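To start, the structure itself, in structure tokens.
Please read these numbers as outputs of a predicted model, since none were measured by experiment. Residues: numbered from 1 along the sequence shown.
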Amino acid sequence: MTTEKLETILNKTLGEITIIKSNWFIWKGLREELRKGAKYEKLLEYSPCFWTITLDNLLSKTLLGTAKLYDEDKECMGLQKIINICEQNQKLFPKNRTVKCKDGYTGEELSYIEQIDISECVRNARQKYQTVQNFRMQLIVLRDKHLAHTDKRIAVDAEELYHEVSLKGESLEKLIETAANITNSFLANLSGTVVHTEFHNADDYKTLLRYAKEGKEAYLQRIKSKTNNKI
């Protein structure tokens, strides 16, 4: 293992987490905007197939992507594997780092030496991982029995499984955030950088909804005008 390879693994994982968070963010946003009584509820009525499949795909990608992060198979590059790699390759991490900053009052440039304790970072990572074990087990059950495989007992009615497992949205978010925090903590100690795991334009689905609604209203207005003219 080299520093470059480890940094690539951490950055790639954080990129995957960013995609997962975006899928979840968009799914929640669309569901809220398309719900009964919401501003764009009619769009679901106009294109039920598109929106139903889109929402289902977004949720499935979120659940499966998060499950991959917490896959503990020794052949998988899951979060546990990353923690183990960092623990086994502590020599790749610097012992300290020079941090530059500015005095908030005088503007004078300052610097100080920041000590890096990768052993403590590993311990903290394992503790954080343990705090979400119950949520992880719930997610893995959903993955094994429905998302990645179809358990014969729930082949007809998957809703019963989801009701039984009862993985809450807040629990899923906790799993995602924990993965991001652990991975970013290693990257920060390794290279002095972190990855912002949110796209700045993740809410541009609102533009799509607005254009679709305005376009539909304009279309209906044209039809109404043509009908009135014929009369």
Pair [X] + [Y]: basic N to acidic O under 4.0 Å:
{"X": "Glu120", "Y": "Arg123", "result": "no"}
{"X": "Glu33", "Y": "Lys213", "result": "no"}
{"X": "Glu72", "Y": "Arg136", "result": "yes"}
{"X": "Lys174", "Y": "Glu177", "result": "no"}
{"X": "Lys36", "Y": "Glu41", "result": "no"}

Say whether, by atom type as modelled, one donor and one acceptor occur between the side chain of [X] and the main chain of [Y] under 3.5 angstrom.
{"X": "Ser171", "Y": "Phe135", "result": "no"}
{"X": "Asn89", "Y": "Thr2", "result": "no"}
{"X": "Thr178", "Y": "Leu175", "result": "no"}

Can you tell me if [X] has over 12 outside heavy atoms packed within less than 6.0 Å of its [atom1]?
{"X": "Gln133", "atom1": "CD", "result": "yes"}
{"X": "Lys91", "atom1": "NZ", "result": "yes"}
{"X": "Arg97", "atom1": "CZ", "result": "yes"}

### Query
Looking only at heavy atoms, which two atoms of Tyr70 and Ala179 are closest? And how far apart?
OH-N, 3.5 Å

### Message
Tell me the closest heavy-atom pair linking Leu10 and Thr183, and the distance in Å.
### Response
O-CG2, 3.6 Å

## Note on the structure
Which of Lys28, Lys21, Lys168 passes side-chain hydrogen bond (donor to acceptor under 3.5 Å, both in side chains) with Glu173? It is Lys28

